[in-house]
Amino acid sequence: MKRIFLSFICMLSIGIILSYPAAVISGVKSGIQLSLYQIVPSLFPFILVANIMTSQNLTENIAKLFHPLLHCLYGLSPNGSFSCLLSFLSGFPLGAKTISELYETGKLSFSESAHLMTFCNNCSLSFAVNYIGFSCLGNKIPIGRLILFIYLPPVLTGFINRFFFTHERKVVTGQMGTSKIIQPAVETITKISVFVILFSIVVSLLQNWKIPYWQNISSLCEITTGLKCITENGIFPNTLICVILSTVFGGISTMVQCFSFISDLALKKYYLFGKIEQCLIALMMFSVAYFIR
């Protein structure tokens, strides 16, 4: 059954490529440009440094400064504090990758990894401020309010969920050679870029087909190109809530990227549960701010 389904998908993809070559080529170009000028410069340095720190067992030392605060808020171990800090600084999908790697190497317990998955996969601060705030919204929404809408939901989700998980400190020694640091970083950024290109093609096809509400659907698929589409005709309350929910959820492209780094099926479920929690909190916040005066 699986082979039949995959065969159908492949044949359908070939048919779409042959039927809409201009839209596919436009999507590929857009995805490559997005990868080269935004994804690689912003993520690759973080990935490389994160690989060095996790492979050389430097995570606890790096997290010492912020561990007391993060332990107080979320009950995290030093390794968990490092994962949390890195995920908020670097953005998708490095949080999921780091948590999964620390769990697989025995540096995080399953319970703490599951807790982290519920709130440590968010867009980076620079993406929120520069791209969403400036490029998409044209500074029409105060940056402080935008940051509150985007980051308060995961912060609250992590705090609420800490009471449902137990955290155990795990320490593992051992180091990797530099060949196992650089190569995984290149493979990671390549994998992310491929997903960006694929979903950029989907967004290009949606734009070409002009189906109803295609802008909102495109933002659900891939937030970088999708957010640009839904804000090009102006900023309205319904537009803003779509921007907030799409950013908090991260889009299907981001979810697929994160899932590609998570080997444990249960952790993938906790990732999805956490995103649902965050979207519900964001929706309640938006309702209070804009509809209850």
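Quick note: residue numbers are just sequence positions, from 1.
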Checklist entry - Going only through I, L, V, M, F, W and Y residues with side-chain contacts under 4.5 Å, is there a path from Ile9 to Val202? => result yes
Checklist entry - Judged by atom type as modelled, is there a donor-acceptor pair below 3.5 Å linking the side chain of Thr118 to the main-chain atoms of His115? => result yes
Checklist entry - Do Phe134 and Val129 share a hydrophobic cluster, counting only Ile, Leu, Val, Met, Phe, Trp and Tyr and linking them when any side-chain heavy atoms are less than 4.5 Å apart? => result no
Checklist entry - Can you find a side-chain donor-acceptor pair between Asn79 and Glu112 that sits under 3.5 Å? => result no
Checklist entry - Does Ser87 reach the main-chain N or O of Cys84 with its side chain, forming a donor-acceptor pair under 3.5 Å? => result yes
Checklist entry - Between Phe273 and Tyr270, how do the two ring planes meet: parallel, tilted or perpendicular, split at 30° and 60°? => result perpendicular
Next on the checklist: Can you tell me how the ring of Tyr151 sits relative to the ring of Phe88, calling it parallel under 30°, perpendicular over 60° and tilted otherwise?
Outcome noted: tilted
Item to check | Ile150 and Phe127, any side-chain heavy atoms less than 4.5 Å apart | outcome: no
Next on the checklist: Is a donor from one side chain sitting under 3.5 angstrom from an acceptor on the other, for Glu222 and Ser200?
Outcome noted: no
Checklist entry - What do you reckon, are the aromatic ring centroids of Phe119 and Tyr74 less than 6.0 Å apart? => result yes
Next on the checklist: Any donor-acceptor pair under 3.5 Å linking the side-chain atoms of Ser109 with those of Ser111?
Outcome noted: no
Checklist entry - Has the side chain of His67 got a donor or acceptor atom that lies under 3.5 Å from a matching backbone atom of Ser81? => result no
Checklist entry - Taking atom CD of Glu187 as the centre, does the number of heavy atoms from other residues, nucleotides or ligands within less than 6.0 Å exceed 12? => result yes
Item to check | Ion pair Glu101/Lys97, N-O distance below 4.0 Å | outcome: yes
